[in-house]
Amino acid sequence: MDHTDLYINGRWQPGAEGARFDVVNPATETVLASVASAEIADANAALDAAETAMKDWAARTPRQRSEVLRKAWELMTARLDTFAHLITLENGKAGADAMGEATYAAEFFRWFAEEAVRADGILTHAPASGARIMVQHKPAGLAVLITPWNYPAAMGTRKIAPALAAGCGVIIKPASETPLTMLALMPLLEEAGVPPGLVNVLPSRRTGALVDHMLHDPRVRVVSFTGSTGVGRKLLHSAADQVLKPAMELGGNAPLIVCHDADIEEAVAGTMLAKMRNLGEACTAANRIYVHDSVAAEYTRRLSAAMSELKVGDGSDPSVDVGPLVNADTRDKVAGFVQDALAKGARLECGGDIPAGKGYFYPPTVLSNVPETADCVHDEIFGPVAAIQTFQDEDDAITRANATEYGLVAYVFSRDMKRALQLCERLEYGMVGLNRGLVSDPAAPFGGVKQSGLGREGGHEGMLEFMETQYISASW
């Protein structure tokens, strides 16, 4: 690996105390690289660099910032194979899935290159006083970005691009399991014209202490985090001390509803995408599948056949559809969900056994007759397990779908568009996929309600998370 040190102020350097940690290939359990681990002194250096660089960057015209982001998109698009290969090595996902992530990640640079010039304000008259009301958006300040291991490229660019478009400097803390992709992105940003110090990357095994320190630095004004709801709550506590702007994309427990009039072929294809994209290691993954009694047998048969046809193996093999889970703990947790469901009365339709040998593999698995008491109904599975329940009444399906503290995304399959849209409006979720198993798009506001987070990423809203609104009352 070319870059395994910290990236601070445009330079590669070891951590202040010289500590390092290993990054492991989840398909082979071999060490890919030893990466520098950041300490508090490194965080201070990164904050100093970002503060200095941001002064010039925020003063640039929106078009100048836009051109840099556009160049980043062009450069990343030309190197998708390289990034996809690196994603597969450290995350494990199969080649096609990794290429999909790399392409998606690059698109955030193009989208926010276009949004950078659209931070529109308003000029109007106050109805009573006649004073001019001037409203404009300004860069909020330094942003701390904390990214997860399941999308090592896309979760970074989804935060970096809007922050730079808004005029902010950033410090990125990538997940310890997958820091290599984010480090590899830095030379590309340099080539695109991002000035030294504006973007800094701090891998670390001391995540809690490092992030808490930065969130209590008065120069930091935004914290953007993607990860579990439990960690998000802790970060919100820390952010409250400095009254930071929080952008939190947290956990999910996505329901997928297949109505009696659904196109079953379309529903199965959508489920495969909603369930198996990124091997189910996604907060958007379909977690609870509710199928109408009248179509449950056909749906289950077709879904089980499709899942059984997927080839499991090292994602670097082009013929492989399903790579390993990210680590042994994740694999064992997924296996535990399956065993719990079976012990409580679920029926195994396919999969369900951990294969022998190296690598954190778990086969695509379908469970039917899953009881409401099963742990996988209430917690994110985060793996390739489809848990099917049935319903007779759509009101009951909606009630069960909403019976969770999470509210990130839901899916509905029906050919009756009027009723389907009525169902969508009753779902307590920030996003709904209607006859689609994919909702993520750089042009759309991604985010949830309830315990699934605050704020939005993507769309025009994604840039506003890194901006403050200023109002000027003027007379002339």
Side-chain angles (χ1 to χ4, degrees), residues 62 65 69 101 104-121 135-141 143-148 150-151 153-168 170 172 220-229 231-233 235-236 239 243-254 274 277 282-285 404-411 424-425 427-434 436 438-469:
R65 297 198 294 266
L69 291 168
E101 181 189 344
Y104 176 56
E107 278 297 312
F108 283 103
F109 288 127
R110 176 159 64 167
W111 173 258
F112 284 106
E114 297 163 348
E115 287 300 297
V117 298
R118 297 190 176 91
D120 298 330
V135 179
Q136 62 179 341
H137 302 290
K138 301 174 66 176
V144 172
L145 315 179
I146 307 158
T147 60
N150 58 341
Y151 286 92
M155 296 303 95
T157 61
R158 194 162 77 177
K159 299 176 189 299
I160 295 169
L164 298 192
C168 297
V170 303
I172 307 161
V220 172
R221 300 308 313 148
V222 180
V223 54
S224 179
F225 169 71
T226 298
S228 72
T229 295
V231 174
R233 291 186 186 116
L235 291 174
L236 284 170
V243 196
L244 303 184
K245 279 177 66 75
M248 298 278 157
E249 196 265 281
L250 306 178
N253 187 0
R277 183 169 177 250
C283 53
T284 54
T404 173
E405 67 180 1
Y406 300 105
L408 186 61
V409 61
Y411 303 91
C424 290
E425 291 182 353
L427 288 165
E428 298 168 356
Y429 291 82
M431 302 175 289
V432 181
L434 177 53
R436 287 179 56 84
L438 177 65
V439 298
S440 302
D441 192 300
F446 185 104
V449 299
K450 299 193 288 186
Q451 299 291 308
S452 286
L454 299 167
R456 294 295 183 267
E457 295 187 311
H460 184 67
E461 294 85 349
M463 184 172 68
L464 296 181
E465 298 292 341
F466 295 92
M467 307 191 87
E468 292 286 7
T469 299

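Computed over heavy atoms, backbone and side chain alike; hydrogens, waters and symmetry mates excluded.
Classification of the Phe112-Phe108 ring pair by plane angle, with boundaries at 30° and 60°, yields parallel.
Using a 4.5 Å heavy-atom cutoff, the side chains of Glu465 and Val222 are not in contact. For the pair Tyr104 and Thr157, the minimum side-chain heavy-atom distance is 4.5 Å or more. For the pair Asn253 and Tyr429, the minimum side-chain heavy-atom distance is 4.5 Å or more. Residues Tyr151 and Thr226 form no side-chain contact, since every pair of their non-hydrogen atoms from C-beta on lies 4.5 Å or further apart.
Among all heavy-atom pairs drawn from Val243 and Arg221, the shortest one is O-NH2, 3.0 Å. For Val170 against Ala163, the heavy-atom pair with the smallest separation is CG1-CB, 3.5 Å. When all heavy atoms are compared, the tightest approach of Val432 to Cys424 is CG1-SG, 3.5 Å. When all heavy atoms are compared, the tightest approach of Tyr411 to Ala274 is CZ-CB, 3.8 Å. When all heavy atoms of Pro442 and Glu107 are compared, the pair lying nearest together is CG-CB, 3.7 Å. In terms of heavy atoms, Pro246 sits closest to Leu454 at CG-CD1, 4.1 Å.
Geometric assessment of Arg65 against the ring of Phe466 yields a negative cation-pi assignment under the 6.0 Å and 45° thresholds.
Between the side chain of Thr229 and the backbone N or O of Gly251 there is at least one donor-acceptor pair closer than 3.5 Å. A donor-acceptor pair under 3.5 Å links the side-chain atoms of Arg456 to the main chain of Gly448, judged by distance alone. His137 places a side-chain N or O within donor-acceptor distance of the main-chain N or O of Asp120, the cut-off being under 3.5 Å. A donor-acceptor contact shorter than 3.5 Å is absent between the side chain of Glu115 and the backbone of Gly459. Under the 3.5 Å distance criterion, the side-chain polar atoms of Arg110 are left unmatched by any main-chain donor or acceptor of Ala106.
Under the salt bridge (charged side-chain N to carboxylate O under 4.0 Å, His left out) criterion, Lys450 pairs with Glu428, not counting sequence neighbours. Residues meeting the side chain to side chain contact (heavy atoms under 4.5 Å, CB included) test with Ser228, sequence neighbours left out: Val231. Taking Ala443 as the reference, Trp111, Asp441 meet the side chain to side chain contact (heavy atoms under 4.5 Å, CB included) condition, with sequence neighbours excluded.
Note that the OG atom of Ser224 and the CG atom of Leu244 stand 12.0 Å from one another [nearest 0.5 Å]. Summarising the geometry, atom CG belonging to Leu145 is positioned 12.5 Å from atom CZ belonging to Phe225; distances are rounded to the nearest 0.5 Å. Taking OG1 from Thr284 and CG from Leu438, the interatomic distance works out to 8.0 Å, rounded to the nearest 0.5 Å. Here Glu405 contributes atom CD and Ser452 contributes atom OG; the two are 8.0 Å apart, rounded to the nearest 0.5 Å. Taking CZ from Arg233 and CG from Leu235, the interatomic distance works out to 12.0 Å, rounded to the nearest 0.5 Å. Atom CD of Gln136 is separated from atom CE of Met467 by 9.0 Å, given to the nearest 0.5 angstrom.
A salt bridge links Arg158 to Glu249: at least one charged side-chain nitrogen sits closer than 4.0 Å to a carboxylate oxygen. A salt bridge links Lys159 with Glu457; the closest basic N to acidic carboxylate O contact falls under 4.0 Å.
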